[in-house]
Amino acid sequence: MKRIVSFLLAVIIILFSFSSTCIASSNIAYSSNEDVIYFGDGSYITIDVEQDFYMRATNTISGNKSISYYNADDELKWTAVLNATFSYNGSVSSCTSANISYTIHDSSWRITSATATKSSNKATGNIVSKYYVLGLPVKTIEESFTITCSANGTLS
């Protein structure tokens with residue numbers, strides 16, 4: 001019994017010695033096309049923007065921005081999607097709705113916070129994910145992403 005406890009304690013100590021926290025910020029290098037954020041441990045986030053639908057008669061556009069987290073072995077761990085709808089008239093645009101959803105692809109990861117806000121012509125999603133080993137969080141990823149609509153209905 002002492003050997004099992006000693007072994008588990010050694011494993012926990014080793015895991016904590018390798019634990020890290022990665023927080024995406026403006027200090028992290030972006031790829032040339034700005035659709036991938038790389039972390040120091042080799043993991044990365046991909047960012048995709050999609051325009052869902054465009055209703056010319058009502059000057060409404062809907063779209064989403066998704067971020068997907070991959071580990072250094074290119075294994076998808078989770079995906080978060082910010083969906084927003086905008087109205088525009090050629091002079092100004094405004095966000096009329098924003099929501100966020102997510103999918104976990106690896107049960108060792110959990111989304112601990114996922115919020116969507118709207119302000120003026122922007123929708124912003126904020127997500128916090130944590131990687132757990134033996135029930136303890138050993139890595140945290142925080143990401144904020146925004147969809148902006150131009151006065152002419154172009155999403156970015």
Side-chain angles (χ1 to χ4, degrees), residues 15 18-156:
L15 288 174
F18 292 114
S19 69
S20 65
T21 300
C22 297
I23 300 177
S25 69
S26 59
N27 295 332
I28 295 175
Y30 288 80
S31 66
S32 61
N33 58 7
E34 295 187 1
D35 63 350
V36 179
I37 299 172
Y38 294 97
F39 298 104
D41 64 356
S43 62
Y44 59 96
I45 288 177
T46 61
I47 303 168
D48 297 306
V49 179
E50 294 180 14
Q51 183 173 308
D52 286 342
F53 62 87
Y54 174 70
M55 298 177 61
R56 189 176 296 262
T58 59
N59 288 345
T60 301
I61 190 166
S62 178
N64 61 58
K65 183 176 274 191
S66 62
I67 61 171
S68 298
Y69 177 79
Y70 294 84
N71 68 6
D73 296 324
D74 298 322
E75 298 167 331
L76 178 62
K77 299 301 177 179
W78 55 262
T79 301
V81 179
L82 173 66
N83 185 273
T85 303
F86 300 88
S87 62
Y88 62 94
N89 63 15
S91 299
V92 295
S93 64
S94 64
C95 182
T96 57
S97 71
N99 60 65
I100 192 167
S101 61
Y102 58 86
T103 303
I104 301 292
H105 302 282
D106 179 337
S107 62
S108 297
W109 283 89
R110 296 182 197 153
I111 302 299
T112 57
S113 174
T115 59
T117 58
K118 58 181 184 166
S119 175
S120 184
N121 67 333
K122 295 180 184 179
T124 302
N126 294 293
I127 194 153
V128 178
S129 65
K130 295 187 179 200
Y131 176 62
Y132 288 80
V133 175
L134 298 175
L136 301 171
V138 296
K139 185 175 189 173
T140 301
I141 302 290
E142 296 181 23
E143 185 64 32
S144 178
F145 51 114
T146 302
I147 302 174
T148 304
C149 182
S150 72
N152 295 319
T154 303
L155 300 182
S156 58

task = Determine yes or no for a side-chain-to-main-chain donor-acceptor pair under 3.5 angstrom, with N89 supplying the side chain and S91 the backbone.
result = yes

request  = Take Y69 and S43 through the side-chain hydrogen bond (donor to acceptor under 3.5 Å, both in side chains) test and state the conclusion after the steps.
outcome  = CA-CA 8 Å; Y69 177 79; S43 62; 3.0 Å; yes

request  = Locate the shortest heavy-atom distance separating F145 from I100; write the atom from each residue and the value.
outcome  = CZ-CD1, 3.8 Å

query = Tell me, do Y70 and V36 make a side-chain contact under 4.5 Å, heavy atoms counted?
reply = no

task = Working to the nearest 0.5 Å, report the span between CD1 of I67 and CD1 of I127.
result = 5.5 Å

query = Do the non-hydrogen side-chain atoms of V92 and N121 ever get within less than 4.5 Å of each other?
reply = no

request  = For residues F39 and I141, determine if any side-chain heavy atom of one lies less than 4.5 Å from a side-chain heavy atom of the other.
outcome  = yes

query = Judged by atom type as modelled, is there a donor-acceptor pair below 3.5 Å linking the side chain of D73 to the main-chain atoms of E75?
reply = no

remark   = For S93 and Y88, the nearest pair of non-hydrogen atoms, with its separation, is CB-CB, 3.7 Å

query = Does H105 reach the side chain of T79, with side-chain heavy atoms less than 4.5 Å apart?
reply = yes

key: Test item: side-chain donor near acceptor, N126 and S144, under 3.5 Å   = yes

query = Is atom NZ of K77 surrounded by more than 12 heavy atoms (other residues, nucleotides or ligands) closer than 6.0 Å?
reply = yes

request  = Indicate yes or no for a side-chain donor-acceptor contact from T96 to the backbone of T85 under 3.5 Å, with no hydrogens or angles considered.
outcome  = yes

Minimum heavy-atom distance V133-V138, with the two atoms named = CG2-CG2, 3.7 Å

Distance, nearest 0.5 Å, that separates CH2 of W78 from CD1 of I45 = 4.5 Å

ask   = Could you state the interatomic distance from CG (N64) to CD1 (I147), rounded to the nearest 0.5 Å?
value = 6.0 Å

note = Taking every heavy atom of N71 against every heavy atom of Y44, the minimum-distance pair comes out as O-CE2, 4.0 Å

remark   = Tightest non-hydrogen contact, residues S66 and V81, listed as CB-CG2, 3.8 Å

task = Check whether any side-chain N or O of S62 sits under 3.5 Å from a backbone N or O of A84 as a donor-acceptor pair, and report yes or no.
result = yes

query = Got a sec: does the OH of Y102 have more than 12 other heavy atoms crowding it under 6.0 Å?
reply = no

ask   = Which atom names give the shortest non-hydrogen contact between A98 and K118, and what distance separates them?
value = CB-CB, 4.3 Å

request  = Kindly say whether T117 contributes a backbone atom to a donor-acceptor pair with the side chain of T124 at under 3.5 angstrom?
outcome  = no

message = With a 4.5 Å cut-off on side-chain heavy atoms, are C95 and F86 touching?
response = yes

query = When rounded to the nearest 0.5 angstrom, what is the spacing between OG1 in T46 and OH in Y38?
reply = 9.5 Å

query = How long is the span from the NZ atom in K122 to the OG1 atom in T148, to the nearest 0.5 Å?
reply = 5.0 Å

query = Is the shortest heavy-atom distance from the side chain of N99 to the side chain of S101 under 4.5 Å?
reply = no

task = First locate atom NZ of K65, then atom CG of D48, and finally report the distance between them rounded to the nearest 0.5 Å.
result = 10.0 Å

